[in-house]
Each structure stands twice: as C-alpha cells, then as structure tokens.
Chemist: 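Below is one structure. I have some questions about it.
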Amino acid sequence: MIPFVREFEFAYGRCDAVAPQIRRVVAENPGPFTFTGTGTYIVGEGTVAVIDPGPRLETHLSALMAALAGETVSHILVTHTHADHAPLARPLADALGGVPILAAEPPILGQDLADTGEEGFDLDFSPDQVLTDGNRIEGPGWTLEAVATPGHTSNHLAFALPEQNALFSGDHIMGWSTTVVIPPDGDMDAYLDSLERVRQGGFATLWPTHGPPITDVAPFLVAYRDHRLAREAQIVGRLEAGDQTIAEIVPVLYAAVDRRLWPAAGLSVLAHLIRLSRHGIVRGTSTGNADLPGLASRFSLV
C-alpha cells in the first residue's frame, strides 16, 4: 500500500512559508487531477525563483504578485507544459517586467492534446531558455538543479534544491495520488526509470506541485514503484482471464476508483500494455496509422 499524504494546511491565494527558503501559493483549481489545486513555489528571499506558475487564473496571478511584492524574481521555472502548470508563466513574466521563463523543450504534439483540461497541454507555451538535465540556476542562498524525469510527460523536469536535499517533483511523484502516464507522449518505461533515479538521489523531502510534501521519501518511493509493478501484474492477470481490451480491464481493476478518472486510468493501462508489448510479453494491434497500440486495440499474451 502507498502511504499517501493528503492532509495539509492551506488557503487559496495565501502565501505560506512551508520551509526555510520555500513559500507556496495554492491556485483555486481543485479537481480530480489537481487535488486541492496547483501549488506554486517561491524559492529564496529577496532574489527568488518561481516554480510552476499554474493555470491562467487572474485570482492566482494577483495572489502571486502580492506574494512577490518587494522581491526580485530572477527566473520562472516550469516542470512541464500541462495546462495546470504552464499557462500563467507568460502573464506572470510580463507582469514582473520580462522575467525569463525556463523549462525543457516542449514536445511536438497534435491538437488533440491541447489545453482541454488539467492533463491537456498548453500548446502556446514556449520557454525563453531551454533547460536540460543538470542545468543549474542560482540565487542568494539557493540553487535549483534541473533533474530530467520523463514519463508523466516526455519533457518533465524536477528541480533539486541541494541546500535542503529537497526535490520539487512536479507531477512525477505526488503524495496524494499516483501519477497518470498518458501515451503517446507519456511513457511507462521512462516513468519507472525516472522513479529509480529519484530514489537513488536520496532526497529528504519531495515537494509536489499538488498537495503536501513527502517527508518519508525512501519507503514512499518503494511503495510507489511496487504499486506500478503490481498494477502491471494485474493487467497481465486480466489478459490471462480472457480480457482483450482496455474497456474490459478498467472496470475490474478500477472498480473502487472515481469513474471520472476511468478515462485516465484507461490511458495508464495503455501505457503499461505498450511497455509490456515492448518487452515481448503482450501483443497488441496498432490502430489507424499509429505504430503503437491504442485504446481501441485488442491485446493478448505472447
């Protein structure tokens, strides 16, 4: 069982000092993918960096501007280009007088993955500076290092804060829920590899963009990984039982889950099936012109 962490004290629009050199402002965009909303982090004092400005909400922009009054913002960092993380970056940068926006290169996507919800992409997002793994941003008393963590999205970055042995984990690891992996941009093999990379980092605290921090990191990460592998074994079990489609698998494996999340669950099942196909365990039919199996594919064990 994953030892989920869901309780934390916050109020929408309020700037909370949550640790030395770390403040958080939560946007009022609660939902099945965002939990209580997007938590925007302010790192440092005097000269600061902002991580994940969040959705395009005027109330959140006003709250951030109030929290940043009297500060010099040197950089705006974005973990990935989903619609609950990236869209406010440019309005905030402009309101602050042209602060540079830093993120990984946005993926090349079709319009079907556009900004249609929290797990859609902001296709208008473009960073001023492209970050790659290991790039470092520094301010007085703080350092942020980009840690490539693909899987949830191909361009997902986490940001390490060495001064506190902490990691701003974006959506890669969250205390309140497992992370959705949506093909074709999301990749389960990459996700599991990135989980292992974070585990080997030995961080004392993880600060997800949604929900409270994770402070008992090592056992949490083991449980997070084991849950994924157990889910994968359950999928294989459903194929052994005669299921051939994702539409047959999801109602059985996610019977206790909010039905609003079943479409996303189906995409995570697809991500597992693509991984199993890649490793020669499962055979799936491709759909349309796609090289990879899709939601409508039929699957069987090899």
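All heavy atoms count here, side chains included; hydrogens, waters and symmetry mates do not.
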Chemist: Compute whether any side-chain donor of one residue and acceptor of the other, for H60 and T40, lie under 3.5 angstrom apart.
Modeler: yes

Chemist: Restricting to pairs with a member in residues 214-239, which pass ring pair (Phe, Tyr, Trp, His ring centres under 6.0 Å), not counting sequence neighbours?
Modeler: F220-Y224

Chemist: When Ile, Leu, Val, Met, Phe, Trp and Tyr are grouped by side-chain heavy atoms lying under 4.5 Å apart, directly or through other members, which residues fall in the same group as F159?
Modeler: V18, I22, Y41, V43, I51, L77, L102, L131, I137, W142, L144, L157, L161, F168, W207

Chemist: Determine, step by step, whether D185 and S154 satisfy the side-chain hydrogen bond (donor to acceptor under 3.5 Å, both in side chains) criterion, reporting the C-alpha distance in whole Å, the side-chain angles of both residues, the deciding distance to 0.1 Å, and the verdict.
Modeler: CA-CA 6 Å; D185 184 66; S154 61; 2.6 Å; yes

Chemist: Among D171, D122, T38, T34, which residue satisfies the side-chain hydrogen bond (donor to acceptor under 3.5 Å, both in side chains) criterion with H85?
Modeler: D171

Chemist: Donor-acceptor check, side chain of T215 to backbone of T205, threshold 3.5 angstrom: yes or no?
Modeler: no

Chemist: Considering all heavy atoms of both residues, which atom of A104 and which atom of P127 are nearest to each other, and what is their separation?
Modeler: O-CG, 4.0 Å

Chemist: Quick one: which residue pairs count as a ring pair (Phe, Tyr, Trp, His ring centres under 6.0 Å) with a foot in residues 245-279, not counting sequence neighbours?
Modeler: none

Chemist: Do Y12 and T59 have side chains that approach each other closer than 4.5 Å (heavy atoms only, starting at C-beta)?
Modeler: no

Chemist: Determine the minimum heavy-atom distance between R23 and E45, stating which atoms define it.
Modeler: NH2-CA, 4.2 Å

Chemist: Using modelled atom types only, decide if a donor and an acceptor are shared between the side chain of E28 and the backbone of G13 within a distance under 3.5 Å.
Modeler: no

Chemist: I'd like to check I173 versus V217 (side-chain heavy atoms, cut-off strictly below 4.5 Å). Are they in contact?
Modeler: no

Chemist: Can you tell me how far apart CG (D124) and OG1 (T81) are? Round to the nearest 0.5 Å.
Modeler: 11.0 Å

Chemist: Can Q200 and R197 be said to form a side-chain hydrogen bond (donor to acceptor under 3.5 Å, both in side chains), step by step?
Modeler: CA-CA 5 Å; Q200 291 181 3; R197 183 179 187 194; over 6 Å; no

Chemist: What class does the angle between the rings of H80 and H152 fall in, given that below 30° is parallel, 30 to 60° is tilted and above 60° is perpendicular?
Modeler: perpendicular

Chemist: Is there a donor-acceptor pair closer than 3.5 Å between any side-chain N or O of R6 and the backbone N or O of W176?
Modeler: yes

Chemist: According to a hydrophobic-cluster definition based on side-chain heavy atoms being under 4.5 Å apart (Ile, Leu, Val, Met, Phe, Trp, Tyr only), do V302 and I281 belong together?
Modeler: no

Chemist: Would you say the side-chain atoms of N135 pair up with the backbone N or O of T132, donor to acceptor, closer than 3.5 Å?
Modeler: yes

Chemist: Going by heavy atoms in the side chains, are I101 and R90 under 4.5 Å from each other?
Modeler: yes

Chemist: Kindly say whether H172 contributes a backbone atom to a donor-acceptor pair with the side chain of S169 at under 3.5 angstrom?
Modeler: no

Chemist: Given 3.5 Å as the limit, does a donor-acceptor pair link the side chain of D189 with the main chain of R275, or not?
Modeler: no

